[in-house]
Each structure stands twice: as structure tokens, then as C-alpha cells.
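A short worksheet on the structure shown next.
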Amino acid sequence: MEKTKLLKDLGLRIYNNKMITREVEGELVNQDEKEIREICNRTFGLGSPSPENLHLFNQFLVETAEVIAKPRVDAVLGLLADVSTVPAGAVKMYKLPKTTEGKFLFTAKGTGVDLVRLSPEEVNRVATPQSMTYGGYYEITTFRADPVKAFRDAVDSLANAKVEYYFDKVYELITSALANGDIPENNKNVGSNLTLADFQKVEQTMIRLTNGRPIFVGDISLINHFANLIPVAQKDLLTDDIREMLREELIPTKISKTVAVSIPNTWIDDKNSKVRFDQKTGFMFPGAISGKKPFAITEFGTKRQYSELDPETEQVKLKIVFESDVTLLNARYFGILKDDSILA
């Protein structure tokens with residue numbers, strides 16, 4: 001247990017560039033860089049690593065990536081989903097407002113839903129764990145050449161893979177809900193060259209639900225599209241703060257009465273022409289919604305990792321398996337704006 005904690009602390013220091021240095025015989029020595037290099041040499045230095053050593057090294061990567069991924073998941077996904085972790089085998093209950101009907105419930109794989117009425121105020125739904133997988137690969141040569149950089153890059157890639165995996169699941173549920181007509185008409189506006197009035201139609205629906213300030217989550221291009229309409233559509237309402245935001249901020253943080261938050265949406269091709277997620281679609285949900293976020297994400301137990309080494313390419317393939325439930329609980333508390341004219 002102590003060794004596991006020491007390795008986790010080492011991984012976090014390396015990733016965050018807070019490595020320990022000590023003076024040895026009048027010279028400063030980076031102790032953490034020396035240790036990660038020794039770990040890489042023990043794992044890969046004599047050619048094909050033993051299954052045990054490779055497993056321990058990959059566990060080192062995965063556990064560090066888990067710590068790094070958590071604030072990334074919470075920062076954006078935590079705005080629209082209640083994110084939690086429970087022990088393996090635990091029963092997780094989602095509480096739903098009584099006005100939400102069963103037809104608005106979706107699980108990651110479309111499994112059935114059993115609802116039990118508890119009181120006039122709420123019903124409960126049991127989370128259904130599904131086996132989920134993500135992963136990546138790395139070259140042994142990169143760890144032997146520059147173990148610190150290779151470690152940071154690998155951890156970063158794994159952390160991003162987890163965030164993107166959950167976004168994929170959320171997009172799948174949204175696509176299904178749209179196709180089935182389960183998102184109320186007043187909650188959505190789909191078209192081309194949407195106006196600020198189109199934005200405010202959905203915004204007003206969200207405000208009426210809880211009387212809180214709505215939150216809009218989308219690609220920077222979509223956020224900028226609506227923000228750029230403010231000076232024309234609301235020229236008589238422009239305050240100095242709004243003018244400064246539009247002039248100075250890299251990404252606007254407020255549109256009309258709504259807080260705007262951009263999703264991490266990077267280029268996925270060498271020509272900078274395609275992004276990871278649909279830049280045309282944004283999501284809105286009401287503020288002041290304690291216990292009424294539209295999505296729920298629950299992880300069950302710990303993750304397992306499996307690896308495979310290709311001796312020809314010296315490439316290690318890493319697969320991470322875990323149980324999780326990703327559910328759209330409250331379509332009534334979820335708004336969507338899609339503008340087909342938006343380019344990345």
C-alpha cells in the first residue's frame with residue numbers, strides 16, 4: 001500500500017513538473033527524473049519486459065492518469081452530469097422529480113428502466129453498470145529516450161481519452177433522444193444561422209424551470225457565433241463589462257443571461273479541418289438545479305488494465321476496462337441548440 005502511494009505521488013510530481021531535486025556532492029540531482037529513468041530501465045531495458053513488470057508500469061500510468069482526469073471530467077461534464085464513484089457491486093439510486101416520466105430515461109446501451117414510486121415528490125431509478133473500455137498505445141523507445149516527457153504525454157493522452165469517452169457517450173444519448181423526439185420542443189432550436197432570439201427561446205425555457213441562470217456548453221465557434229450577435233441584437237443593453245468581455249476574452253463567458261462554457265474540442269487531422277466533437281451543437285441546462293442535472297455518470301469499483309506488446313514495432317497496446325452507467329435522466333432539464341452553418 002505504501003509503495004503504491006509513493007508511486008502515485010511520484011507520477012503526480014513528474015506530470016505537474018514538481019520533481020524533487022537534491023544536492024549530491026555539490027551538484028543538484030533531479031531525484032524523480034532519476035527514479036522514473038530507473039523504472040523504465042527495469043521495465044524495458046533488457047528488451048521484452050516481463051508480463052509482471054509491464055503490468056506494474058502500466059498501472060503506474062493508469063493510476064496517475066485517473067487523478068489527472070478527475071478535474072477535467074468535473075470541469076465540464078460535472079456541469080451537466082452528477083458524477084460519482086461507488087464500490088463494485090454497490091446499488092446506486094438516481095432520484096428523479098415526479099414530473100419526469102419513464103420515457104425520458106435512457107441508459108448507455110438502451111437497457112430497460114424500472115421505476116419505483118417512493119413519495120409524491122420523487123421516484124428512483126437503479127443505475128445499471130455497463131462494461132466500458134478505452135485505451136491507447138505507446139512506443140518503448142520513447143520511454144527509453146526521454147522518460148519524463150514520454151510519461152507526461154502518455155498520462156495526458158489517457159486522461160483525455162477518458163474525458164472524450166464520456167463525451168462520446170453523452171453525444172450518443174443526445175442523438176438517441178433527438179431521434180426519438182423525447183426532448184421537449186421548447187427545449188431545442190435546430191436550424192441554420194440561428195439568431196440571438198433563437199438562443200433566448202431555449203434560454204427562457206431553462207430559466208422557467210428553476211429561476212436560475214442557465215449554462216450553455218458548446219464549441220468555441222458556436223459560442224462565438226452567438227456572442228458576436230450581442231452588439232447588434234442588444235446594442236441598447238451593452239454594459240462596459242460586456243464590451244470588455246467581447247473585446248478581451250479568448251472565449252466569451254456570457255451570452256444574454258446565460259453562462260457559456262467551451263468544451264475541449266481539438267483538431268483531429270493534420271490539416272486542422274476536423275474536430276473531435278460536433279461544433280454545430282451546444283447544450284443548455286438550467287442553473288440552481290441541485291439534484292436535477294440532466295445526466296448522471298456513475299463509475300463502479302476500480303479499473304482493470306490489460307496490455308499487449310508487439311516486439312516488431314516495440315509498441316505496447318493498453319486497454320482499460322471498467323463498469324460505468326451513463327444516463328440521460330431528465331430530458332425536461334436539457335436544452336439543445338444546433339446551427340448547421342457553424343464551421344470549426
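What you are looking at is a predicted structure, and each value in this text was computed from that prediction instead of being measured. Residue indices begin at 1 and follow the sequence shown.
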For the student: nearest non-hydrogen atoms of [X] and [Y], plus distance:
X	Y	answer
L229	L196	CD1-N, 3.5 Å
G335	V202	CA-CG1, 4.1 Å
L194	K338	CD1-O, 3.6 Å
V275	I268	O-CD1, 3.6 Å
N187	F334	ND2-O, 2.9 Å
K293	L80	CB-O, 3.8 Å

Next on the checklist: Is there a side-chain contact (heavy atoms from CB on, under 4.5 Å) between E203 and I207? Walk through the geometry before answering.
Outcome noted: CA-CA 6 Å; E203 178 185 60; I207 291 173; 3.9 Å; yes
Backbone of [Y] reached by a side-chain donor or acceptor of [X] within 3.5 Å:
X	Y	result
N189	L337	no
T43	F57	no
S324	T298	yes
N330	R332	no
D340	S192	no
D339	N193	yes
Q31	M19	no

Residues [X] and [Y] bridged, charged N to O under 4.0 Å:
X	Y	answer
R13	D9	no
K201	E185	no
E33	R37	yes

Under a 4.5 Å cut-off applied to non-hydrogen side-chain atoms, are [X] and [Y] in contact?
X	Y	value
K169	Q130	no
S221	L343	no
L222	F216	yes
V126	M93	yes
P264	F277	no
R304	E323	yes
K254	R213	yes

Next on the checklist: What verdict does the salt bridge (charged side-chain N to carboxylate O under 4.0 Å, His left out) test give for E164 and R72, after you've listed the backbone C-alpha separation in whole Å, the side-chain angles of each residue and the deciding distance to 0.1 Å?
Outcome noted: CA-CA 10 Å; E164 291 175 357; R72 299 183 187 182; over 6 Å; no
Checklist outcome for this item: By salt bridge (charged side-chain N to carboxylate O under 4.0 Å, His left out), K92 pairs with (sequence neighbours left out) none
Between atom [atom1] of [X] and atom [atom2] of [Y], what is the distance when rounded to the nearest 0.5 Å?
X	Y	atom1	atom2	value
F167	I174	CZ	CD1	9.0 Å
S50	L309	OG	CG	11.0 Å
E299	E66	CD	CD	6.0 Å
R152	I68	CZ	CD1	11.0 Å
S307	K319	OG	NZ	10.5 Å
I39	I14	CD1	CD1	7.0 Å

Next on the checklist: Quick check on N272: does its CG atom have over 12 non-hydrogen neighbours (other residues, nucleotides or ligands) under 6.0 Å away?
Outcome noted: yes
Next on the checklist: Check this for me: K34, atom NZ, are more than 12 non-hydrogen atoms of other residues, nucleotides or ligands nearer than 6.0 Å?
Outcome noted: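 No.
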Checklist entry - What's the verdict on side-chain contact (heavy atoms from CB on, under 4.5 Å) for F60 and T64, showing C-alpha distance, side-chain angles and the deciding distance? => result CA-CA 6 Å; F60 181 34; T64 305; 4.1 Å; yes
Hey, quick one: are [X] and [Y] part of the same hydrophobic cluster, counting side-chain heavy atoms closer than 4.5 Å, chains of contacts allowed?
X	Y	result
L173	V190	no
V326	F300	no
V163	W267	no
L10	L56	no
Y166	V86	no

Taking atom types as modelled, find out whether [X] and [Y] have a side-chain donor-acceptor pair closer than 3.5 angstrom.
X	Y	result
D156	Y15	yes
Y138	N58	yes
N160	S157	no
D325	Y94	yes
S256	Q200	yes

Review item, side-chain donor-acceptor pairs of residues 139-151, under 3.5 Å, at least two apart:
| unit_1 | atom_1 | unit_2 | atom_2 | d |
| --- | --- | --- | --- | --- |
| E139 | OE2 | Q315 | NE2 | 3.1 |
| T142 | OG1 | E139 | O | 2.6 |
| D146 | OD1 | K149 | N | 3.3 |
| K149 | NZ | D153 | OD2 | 2.7 |

Next on the checklist: Would L54 and F44 count as a side-chain contact (heavy atoms from CB on, under 4.5 Å) here? Give the steps.
Outcome noted: CA-CA 8 Å; L54 184 60; F44 306 118; 3.9 Å; yes
Next on the checklist: Using the rule given for side-chain contact (heavy atoms from CB on, under 4.5 Å), can you reason through N265 versus R276, listing the C-alpha separation, both sets of side-chain angles and the distance that settles it, and then say yes or no?
Outcome noted: CA-CA 6 Å; N265 202 15; R276 182 72 176 80; 3.6 Å; yes
Checklist entry - Can you list the steps and then say if D198 with T195 is a side chain to side chain donor-acceptor pair (under 3.5 Å)? => result CA-CA 5 Å; D198 294 324; T195 65; 3.2 Å; yes
Checklist entry - Run the ring pair (Phe, Tyr, Trp, His ring centres under 6.0 Å) check on Y171 and F283 step by step: do they pass? => result CA-CA 10 Å; Y171 272 90; F283 321 124; 5.3 Å; yes
